[in-house]
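Structure first, commentary second.
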Amino acid sequence: MRKITLINGDGIGPEIAQAVLKIIKASGLEIDWDIQTAGSDVIEKEGTPLPKRVIDSIRKNKVALKAPVTTPIGKGFRSVNVQLRKELDLFANLRPCKNLPNVDTRFKDVDIVVVRENTEDLYSGIEKQVDEDTAESIKIITRKASMRICKFAFDYALKNNRKEVCVVTKANIMKLSDGLFLDCYREVAKNYPELSTREILVDNLCMQLVQDPTKFDVLVLPNLYGDIVSDLTAGLVGGLGVARGANIGVECAVFEPVHGSAPDIKGLNKANPTALLLSAVEMLKYIDEVDIAQKIENALFKTFAQNKKTFDLGGNLSTTEFTDAIISNLV
Ligand code: NAI
């Protein structure tokens, strides 16, 4: 039986994790979950929100499903998410954004996959106070990281029957750094003649995304643009409650929703498990359980088509009622 690490999270984490486990079990797939606690709940006992046992478990099992964890403010702890990405070298951040039936949005037929470089750019943390009135942040772009993220985007596109990979930069201004990213994209693209290519500047992309997002397929971006654009595309398809995500490296992958631990609705049986469920769907595809992934996604879409929704999307179902509705749609 396949063993997978489950980070239960805190806040609404355990509620939505339980919902997702129930749905996966009902789909007929047996998984041996290696359940690991992390986040603010373990700090008192273990002195850190991300104990070494969690990292060891992911290294051993290679794949993890992660519910959201709270980052304590002002206590000197690094975000669990940032730490996980660094420790496990999860270089690709993947965010598929697709319309759901009966989830009101401005546009129909949005189906965009954002592939964001996760390790460098302005997020390298190299900053200095030059003098009292001047601060400096360094943008690092390397050939190695750019080649591997572009290759990842093209491979993903091929494996998932997409048609086009579009690179997003500001290479007209940052001629060296974004220029290098663009060069790497062009070099990698030569190996994928079956896929269309497109180059666009990030400002133009943003304008076009809010005018007609159906024109885009797979986007590959350096870290900062990827961070911003992936929130924009999540907003196009219904926002936090439905936005799935994954952080993927060479050895390991961690699948998680975009949203946080929502402490305001903790324990109220109101949380929407959709984003974690869709992250689990991506995880199942990643471990080649494509049929089960499709079966679960179909059941979820059917549930939305029946206009069964949780409170955040204007519905009236509790977490458990919504979960049971999805299970009854599994065929
Ligand atoms: P949040 O995403 O937890 O909540 C923002 C708003 O969206 C709240 O009103 C919440 O009730 C609602 N919401 C979020 N997810 C929902 C869901 N599944 N169903 C229904 N409503 C939902 O963002 P916030 O409040 O800024 O952060 C809370 C904590 O989560 C912070 O400690 C933050 O650091 C952490 N966080 C963790 C992340 C992770 O583990 N990947 C990602 C983002 C934030």
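Just so you know, ligand 1 is whichever comes first in the structure, and atom 1 is the first atom listed for that ligand.
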Quick test: of every protein heavy atom, which one is nearest to [atom], and how far off is it to 0.1 Å?
| atom | result |
| --- | --- |
| atom 29 (C) of ligand 1 | S261 OG, 3.2 Å |
| atom 18 (N) of ligand 1 | N272 O, 2.9 Å |
| atom 28 (C) of ligand 1 | P263 CD, 3.7 Å |
| atom 33 (C) of ligand 1 | T71 N, 4.2 Å |
| atom 44 (C) of ligand 1 | G260 CA, 3.4 Å |
| atom 39 (C) of ligand 1 | N81 ND2, 3.2 Å |

Quick one: does [atom] have a protein heavy atom under 4.0 Å from it?
| atom | value |
| --- | --- |
| atom 36 (N) of ligand 1 | yes |
| atom 1 (P) of ligand 1 | yes |
| atom 26 (O) of ligand 1 | no |

(message) Consider side-chain contact (heavy atoms from CB on, under 4.5 Å). Of V69, N247, I7, which one does L84 pass it with?
(response)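 Single side-chain contact (heavy atoms from CB on, under 4.5 Å) partner of L84 among V69, N247, I7: I7.
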(request) Measure centre to centre between the rings of F322 and F311, then say whether the value is under 6.0 Å. (result) no
(request) Decide yes or no for K285 and N160: does some side-chain heavy atom of the first lie under 4.5 Å from some side-chain heavy atom of the second? (result)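 Yes, at least one pair of side-chain atoms sits under 4.5 Å.
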(message) Quick one, L88 and E251 - any side-chain contact, counting heavy atoms below 4.5 Å?
(response)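 A side-chain contact is absent here, since even the closest heavy-atom pair is not under 4.5 Å.
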Are [X] and [Y] close enough for a salt bridge, meaning some N to O gap below 4.0 Å?
| X | Y | answer |
| --- | --- | --- |
| E46 | R53 | yes |
| R198 | D217 | no |
| D312 | K270 | no |
| R186 | E199 | yes |
| K151 | D155 | yes |

Report yes if some N/O of [X] lies less than 3.5 Å from some N/O of ligand 1; otherwise report no.
| X | value |
| --- | --- |
| A67 | no |
| I265 | no |
| A262 | yes |

(message) Heavy-atom contact check, 4.0 Å cutoff: does A275 meet ligand 1?
(response)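 No, A275 has no heavy atoms under 4.0 Å from ligand 1.
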(message) Is V258 close enough to touch ligand 1? Criterion: a residue heavy atom under 4.0 Å from a ligand atom.
(response)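 Yes.
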(message) Tell me the closest heavy-atom pair linking S230 and R95, and the distance in Å.
(response) OG-NH1, 3.2 Å
Within ligand 1, which atoms have a heavy atom of [X] less than 4.0 Å away?
| X | result |
| --- | --- |
| T70 | 32 (O) |
| K66 | 39 (C), 40 (O), 41 (N) |
| I12 | 17 (C), 18 (N) |
| E256 | 41 (N) |

(request) From the options D264, V254, L240, D312, select the one whose nearest heavy atom is closest to atom 7 (O) of ligand 1. (result) L240
(request) Could you check which of K270, E15, H259 puts a non-hydrogen atom nearest to atom 42 (C) of ligand 1? (result) H259
(request) Measure up the Y192 and F154 rings against each other and bin them: parallel (under 30°), tilted (30 to 60°), perpendicular (over 60°). (result) parallel
(message) We want to know whether D109 and T214 form a side-chain donor-acceptor pair, criterion being a heavy-atom distance below 3.5 angstrom.
(response)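 The criterion, which ignores hydrogens and geometry beyond distance, is not satisfied for T214 and D109.
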